[in-house]
Amino acid sequence: QVQLVESGGGLVQAGESLKLSCAASGRVFSTYAMGWFRRAPGKAREFVAAITWSAGDIYYADSVKDRFTISRHNAKRTVYLQMNSLKPEDTAVYFCAGKQRYDSGTILRRKEAYEYWGQGTQVTVSS
């Protein structure tokens with residue numbers, strides 16, 4: 001099993017920044033990739049970004065590309081999401097997810113591909 005704990009959410013104004021962290025514990029070595037997803041009020045959970053532990057391959061949703069940056073610290077088993085130029089439409093609960101097996105970038109964008117999930121952290125962006 002892998003446990004994931006997110007932190008760093010909060011309330012900010014449009015244009016400001018936040019950095020989310022996801023600390024992984026347990027059988028982390030068994031995971032291939034980590035992802036960030038979000039669920040806005042009244043909407044389905046959607047892909048934000050993903051990164052592989054070993055090669056550091058990175059994938060972004062078009063809506064956050066050039067504003068958000070995903071990174072990892074392998075020794076700390078922590079994944080980060082730096083969010084800049086935040087917009088009110090970025091308001092959502094952000095979830096960290098872990099995936100066990102190798103897969104393509106296309107598959108890494110699918111929430112169904114991930115076996116492990118954190119509880120989420122709220123990000124609210126006011127206009």
Side-chain angles (χ1 to χ4, degrees):
Q1 288 293 327
V2 175
Q3 293 78 42
L4 304 174
V5 179
E6 304 96 335
S7 62
L11 171 63
V12 296
Q13 293 188 333
E16 294 184 339
S17 299
L18 274 177
K19 186 173 185 178
L20 305 183
S21 299
C22 172
S25 60
R27 296 174 59 89
V28 183
F29 65 87
S30 68
T31 57
Y32 166 71
M34 300 291 291
W36 284 99
F37 289 77
R38 67 186 181 186
R39 185 178 66 224
K43 295 187 178 181
R45 193 173 301 194
E46 65 174 5
F47 171 75
V48 175
I51 188 168
T52 61
W53 281 116
S54 57
D57 296 327
I58 289 175
Y59 308 91
Y60 292 107
D62 289 342
S63 59
V64 306
K65 197 172 183 180
D66 300 327
R67 298 189 298 122
F68 290 11
T69 302
I70 189 170
S71 61
R72 82 226 190 274
H73 192 301
N74 285 24
K76 293 183 178 180
R77 286 305 183 189
T78 300
V79 176
Y80 306 96
L81 186 68
Q82 176 68 46
M83 305 185 294
N84 298 330
S85 302
L86 282 162
K87 304 175 181 180
E89 51 264 43
D90 294 317
T91 294
V93 178
Y94 284 72
F95 298 90
C96 177
K99 183 185 186 333
Q100 284 186 307
R101 295 177 178 82
Y102 166 83
D103 237 318
S104 67
T106 299
I107 301 300
L108 291 179
R109 296 170 182 271
R110 300 178 183 174
K111 58 183 181 294
E112 296 80 9
Y114 293 80
E115 292 88 0
Y116 307 109
W117 290 88
Q119 293 299 308
T121 185
Q122 176 71 45
V123 172
T124 303
V125 185
S126 64
S127 58

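For the numbers below, each heavy atom of this structure counts, side chains included, while hydrogens, waters and symmetry mates do not.
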* **Verdict with supporting geometry, V123 and L20, side chain to side chain contact (heavy atoms under 4.5 Å, CB included)** => CA-CA 9 Å; V123 172; L20 305 183; 4.0 Å; yes
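- Atom OG1 of T69 sits about 8.0 Å away from atom CD1 of I58, to the nearest 0.5 Å.
- The two residues I107 and A113 have their closest heavy-atom pair at O-CB, 3.6 Å.
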* Asked: Going through the checks in order, is the side chain to side chain contact (heavy atoms under 4.5 Å, CB included) test met by F68 and V48?
  -> CA-CA 9 Å; F68 290 11; V48 175; 3.8 Å; yes
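- Atom OG1 of T31 sits about 8.0 Å away from atom CD of Q100, to the nearest 0.5 Å.
- For the salt bridge (Lys or Arg N to Asp or Glu O under 4.0 Å) condition, the pairs that include at least one residue of residues 63-84, sequence neighbours left out, are R67-D90.
- Between Y80 atom OH and S7 atom OG the span is 9.0 Å, to the nearest 0.5 Å.
- Taken together through direct or relayed side-chain contacts under 4.5 Å among Ile, Leu, Val, Met, Phe, Trp and Tyr, I70 and V64 form part of one hydrophobic cluster.
- Cluster annotation: V93 is not connected to V125 through the hydrophobic network of ILVMFWY side chains, with a link wherever side-chain heavy atoms come within less than 4.5 Å.
- Within the structure, every pair that satisfies the salt bridge (Lys or Arg N to Asp or Glu O under 4.0 Å) test and touches residues 39-50, not counting sequence neighbours, is listed here: R38-E46.
- Judged purely by atom type and a 3.5 angstrom limit, Y114 uses its side chain to pair as donor or acceptor with the backbone of L108.
- The backbone N or O of L86 lies less than 3.5 Å from no partner atom in the side chain of E16, so there is not a single donor-acceptor pair.
- Applying the ring pair (Phe, Tyr, Trp, His ring centres under 6.0 Å) test to pairs two or more places apart or on separate chains, those with a residue in residues 40-62 are F37-F47.
- Contact between A92 and Q122 at its shortest, heavy atoms only, is O-NE2, 3.5 Å.
- Qualifying side-chain contact (heavy atoms from CB on, under 4.5 Å) partners for Q1, counting only residues two or more places apart in sequence or in other chains: Q3, Y116.
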* Let me see the working for C96 and M34 under side chain to side chain contact (heavy atoms under 4.5 Å, CB included), right down to the final yes or no. => CA-CA 7 Å; C96 177; M34 300 291 291; 3.5 Å; yes
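- For A44, the side-chain contact (heavy atoms from CB on, under 4.5 Å) test picks out no residue, with sequence neighbours left out.
- Closest approach of L4 and A24 over heavy atoms only: CD2-CB, 3.6 Å.
- Defined by atom type and a distance below 3.5 Å, a donor-acceptor pair is missing between the side-chain atoms of T91 and E89.
- Residue pairs that meet the salt bridge (Lys or Arg N to Asp or Glu O under 4.0 Å) test with at least one member in residues 96-116, sequence neighbours left out, are K99-D103.
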* Between I51 and V79, does a side chain to side chain contact (heavy atoms under 4.5 Å, CB included) hold up when you go through it step by step? -> CA-CA 8 Å; I51 188 168; V79 176; 4.1 Å; yes
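- Side chains of Q82 and S17 form a contact here, defined as non-hydrogen atoms less than 4.5 Å apart.
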